[in-house]
**Student:** 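Quick one: the structure is below, questions incoming.
All chains are named by letter (A, B, ...) in the order of the sequence lines, taking the proteins before the strands, and each is independently numbered beginning at 1. Note that these values count all heavy atoms, side chains included, but never hydrogens, waters or copies made by symmetry.
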Amino acid sequence: MATYIARRLLLLPLVAFGVTLLIFALLQFLTPAERAALFVTDPRQLSSIPAIIRKYGLDQPIHVQYWVWLKQLLHGDLGWSQTARMPTSQALATFFPATLELTFYMFIPIIIIGVWLGTRAAVHKDQIVDHFSRIFAISLRGLPSFVWGLIVLMVFYGGLNWFPPGRLSLEADLFVKSPEFHRFTRIMTVDALLNGQPWIFVDALRHIAGPAMTLVLVEMALLVRVTRSSMLEVLRQDYVRTARAKGLAEPVVINRHARKNALIPVVTLSSLLFVGLLGGVVLAETIFNYPGIGKWGAEAAVQLDIPGVTGFGMFIALITVFGNLAADILYATIDPRIRLQ
Amino acid sequence: MVSVIRLTLSRSTSPQVLRVAGAALIVLVAVMAAAPVVRGRVVQHPLDVAAFLLLVVAVGVFWSLPGDFTRRMKRNPLSIAGFSIIVLFVMVAALAPVLAAPPATSRDPYLIPHAGFLPDPQPPRPGHPLGTTGYQYDLYYGVVWGTRTAFRVATVVVVISVAAGLLLGSLSGFYGGRLDEVIMRITDIFLAFPSLVLAVVITAVLGKGLDKVMLSIAIVGWPVYARLLRGEILSVKQRDYVEAARAAGAGDLRIILQHVVPNTIYPFLVYAAFDTGVIVLVAAALSFLGLGAEVGYADWGQLINMSRSWILGVPGDPFIYWYTVVFPGLVIFLFVLGWNLLGDAFRDILDPRLRGSA
């Protein structure tokens, strides 16, 4: 177990280093003048491009340039993001809490509904619930999240006006920006409760619901299928038969004996799910104009704000790597059978 | 080297493949020999030819599979549905110049014709069966020619990522050791990104455009192929027949091409079928974000992007412009669904143990 985790931890900096190499290699597609333009924060500086090239060593051999670039990176200097009008590292810190919050509110319903539906489908195999979950899963796999998101926007904002786009409504936003409101965690729903303002909590949730709905439906399908097949596998095991033979009530057999073991593959899947959500927020946040890093990253890409988009990419990669590591460790902890690998 | 290639060819060809390939070649020669007017109408982009040929080869390979394969496929209604959907799309793509004839004045048939410059979309009506989106771009034309774009994107990306995956995966799996370690760590780096995020970053750095989108999706996609093949090769290379081939004096290249790859290729093909749908989905997502095809180009994602400005309708009638998102969205949905069902069918047939697992 310890060696397994140690090996994974050792690989972590290696992958992080590789990610910087990949991004740096990508940057080599730009001409030196274009790369120099990345350091420009003000149009008045444009005349001094040759000086910038010299200052940042952009006419140096590649390995020297990489070293200079990496040193900046390690000092937290990711360049100036034109779209956010602030340094990239500051933009990441500004936009990430909103995305984290959104991801959390997507993750919870996906897990709860997905596991519930998957269990039901397995217990009532080849009955209506099972057929429904199968059709649901099959048809959802082709559904493009951005099309579904637009439909959600059309129906739940345009039609019903339940889930407006953006982060907060106007009055809530004004209140949040006033000195009466303290930003403890920068996570809006938590801050709202800490400030004792339930109406802001509700307002924030209404704005989260749209983008969350977009991805919850699309990402849940796989979880339902995996829970179902894993449950079916477990229900065939001897210890389930033993539990039934002992005369335990069926809910106890299902929920205590079977489901606990069936959840092991679900834990692995949840790390995939996390990665899927981090990719998906780019689309969901863009559609709902939700001010998280996904929307900012997409905007930076479209406006060719290279420091912004590369900083965004590296940041997401870092989170993904940590997420996968956490899932692996969790997996090894709850399932002793794989520790030896 | 030459003998190895010849052997591989002779091994994998069956009468059906030859027949299909022959027919395709005749069609191709006929098109090329035809009057420039006809040729110009059928071939609209050099890569259309490549996409067409690849599809023909795929159909041929499919036909040449053992009879058992197709029989099992016919037993599952979902497989038939998937197969029919894809055949339908192939036909729409091939018949695009007939189904939606580009106007005589058009220089590039992939640019959707637009009648006038009225900014707001107009509902389906005679002459525009699916309506027109903003600035009067015809949705039907965009959907039909967008099918060709989708197949072109899928073909280019699959070919590049399969080629890279085949090369690096077989090197890594067959030789193992330090080379394996290096290649696998490289794939780790690529897999550290959610695929959409890396594709967004690469497209932005390369500059926008459909060609950059294809390149970036291929760069994102190859590591999965490499890892898949490597894993399969690791399990196959210890088998006796590999040992026997080596004892018979076969070189590495011959063993890889003739004994190892043909025995490991099926999971690879199953994944490619799934991947084709995903590739088109990601390409559409990038076009939707505004990184892919330019405004007015026949591309499904781009059509959805245009519909974004109209999604909320007008006060009092929020659903008035429903057709701008529903029709292109439905087409993407069916395309991805079709490839998914086809992938399921392949997997169930090639590896019955996994049936119904996901």
**Student:** Any non-hydrogen side-chain atom of B/Val197 less than 4.5 Å from a side-chain atom of A/Phe315?
**Tutor:**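 Contact flag for B/Val197/A/Phe315 side chains = no.
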**Student:** Do B/Leu196 and A/Leu283 have side chains that get closer than 4.5 Å, going by heavy atoms?
**Tutor:**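 Touching, per the 4.5 Å side-chain cut-off.
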**Student:** Tell me, side chain or backbone of A/Leu14 under 4.5 Å from chain B's heavy atoms, or both, or neither?
**Tutor:**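 For A/Leu14, the contact with chain B is made by the side chain alone.
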**Student:** Using non-hydrogen atoms only, which part of A/Ile319 is less than 4.5 Å away from chain B: side chain, backbone, both, or neither?
**Tutor:**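 Neither part.
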**Student:** Within the structure provided, determine whether B/Leu312 and A/Tyr157 are in side-chain contact (heavy-atom separation under 4.5 Å).
**Tutor:**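 A side-chain contact under 4.5 Å exists here.
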**Student:** Which region of A/Leu22, side chain (C-beta onward) or backbone (N, CA, C, O), has a non-hydrogen atom less than 4.5 Å from a non-hydrogen atom of chain B, or is it both or neither?
**Tutor:**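 The side chain, not the backbone.
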**Student:** Residues of residues 182-190 of chain B under 4.5 Å from chain A (heavy atom pairs)?
**Tutor:**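 From residues 182-190 of chain B, the residues near chain A are B/Arg185, B/Asp188, B/Ile189, B/Phe190.
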**Student:** I'd like to know which of A/Ala221, A/Ser139, A/Gly323 tops the heavy-atom pair count under 4.5 Å against chain B.
**Tutor:**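 With the most close heavy-atom pairs to chain B, the winner is A/Ser139.
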**Student:** Heavy-atom distance under 4.5 Å to chain A: side chain of B/Thr203, backbone, both or neither?
**Tutor:**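 When you check distances to chain A, no heavy atom of B/Thr203 falls under 4.5 Å.
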**Student:** Counting only heavy atoms closer than 4.5 Å, note whether B/Leu78 contacts chain A via side chain, backbone, both or neither.
**Tutor:**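 The side chain, not the backbone.
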**Student:** Among B/Val205, B/Leu337, B/Ile332, which residue has the highest count of heavy-atom pairs closer than 4.5 Å to chain A?
**Tutor:**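 Result: the option with the highest number of such pairs is B/Val205.
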**Student:** Less than 4.5 Å to any heavy atom of chain B: does that hold for the side chain of A/Ile306, its backbone, both, or neither?
**Tutor:**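 Side chain of A/Ile306 only, per the 4.5 Å heavy-atom cut-off to chain B.
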**Student:** How many angstroms lie between atom CZ of A/Phe146 and atom CG of B/Leu281, to the nearest 0.5 angstrom?
**Tutor:**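 Spacing of CZ (A/Phe146) from CG (B/Leu281) equals 5.5 Å.
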**Student:** Mind checking whether B/Arg308 and A/Thr286 have side chains closer than 4.5 Å, heavy atoms only?
**Tutor:**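 The answer is yes; the side chains approach within 4.5 Å.
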**Student:** Need one label for A/Val155: side chain, backbone, both or neither, based on atoms under 4.5 Å from any heavy atom in chain B.
**Tutor:**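 Interface part for A/Val155: both.
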**Student:** Could you tell me whether the side chain of A/Pro144 reaches within less than 4.5 Å of the side chain of B/Val336, counting heavy atoms only?
**Tutor:**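 No, too far: nothing below the 4.5 Å cut-off.
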**Student:** Need one label for A/Ser145: side chain, backbone, both or neither, based on atoms under 4.5 Å from any heavy atom in chain B.
**Tutor:**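 When you check distances to chain B, no heavy atom of A/Ser145 falls under 4.5 Å.
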**Student:** Within the supplied structure, the quantity of interest is the number of heavy atoms (other residues, nucleotides, ligands) at a distance under 6.0 Å from A/Leu160 CG; does it exceed 12?
**Tutor:**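 It does: A/Leu160 CG has more than 12 such atoms within range.
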**Student:** Select one option (side chain, backbone, both, neither) describing which atoms of A/Leu278 are under 4.5 Å from chain B's heavy atoms.
**Tutor:**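 For A/Leu278, the contact with chain B is made by backbone and side chain together.
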**Student:** Could you look at A/Leu318 and say if it's the side chain, the backbone, both or neither that has a heavy atom under 4.5 Å from chain B?
**Tutor:**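 A/Leu318 has no heavy atom closer than 4.5 Å to chain B.
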**Student:** How long is the straight-line distance from CH2 of B/Trp310 back to CE of A/Met154, given to the nearest 0.5 Å?
**Tutor:**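 A/Met154 atom CE to B/Trp310 atom CH2 measures 15.0 Å (nearest 0.5 Å).
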**Student:** Would a 4.5 Å heavy-atom cut-off, applied to side chains only, mark B/Lys208 and A/Val302 as touching?
**Tutor:**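 When only atoms from C-beta onward are counted, A/Val302 and B/Lys208 do touch, with a gap below 4.5 Å.
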**Student:** Identify which of A/Val321, A/Leu143, A/Ile23 forms the greatest number of heavy-atom pairs closer than 4.5 Å to chain B.
**Tutor:**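 Greatest number of close heavy-atom pairs with chain B: A/Leu143.
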**Student:** Does any backbone or side-chain atom of B/Leu206 lie under 4.5 Å from a heavy atom of chain A? Answer side chain, backbone, both or neither.
**Tutor:**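 Contact with chain A: side chain only.
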**Student:** For a 4.5 angstrom cut-off between non-hydrogen side-chain atoms, does A/Ile151 reach B/Trp322?
**Tutor:**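 Counting from C-beta outward, A/Ile151 and B/Trp322 never come under 4.5 Å.
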**Student:** Within a reach of under 6.0 Å around CZ of A/Phe322, are more than 12 heavy atoms found that belong to other residues, nucleotides or ligands?
**Tutor:**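 At most 12 heavy atoms, drawn from other residues, nucleotides or ligands, come within 6.0 Å of this atom.
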**Student:** I want to check something: taking the side chain as every heavy atom from C-beta on, are A/Ile287 and B/Phe288 in contact at a cut-off of under 4.5 Å?
**Tutor:**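 Answer yes - side chains close enough.
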**Student:** Examine whether an atom of B/Ala199 lies under 4.5 Å from a heavy atom of chain A, and if so say whether it belongs to the side chain, the backbone or both; otherwise answer neither.
**Tutor:**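 Answer is neither: B/Ala199 stays 4.5 Å or more from chain A.
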**Student:** Go through the atoms of B/Ile304 and report whether side chain, backbone, both or neither lie under 4.5 Å from a heavy atom of chain A.
**Tutor:**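 Both parts, heavy atoms under 4.5 Å.
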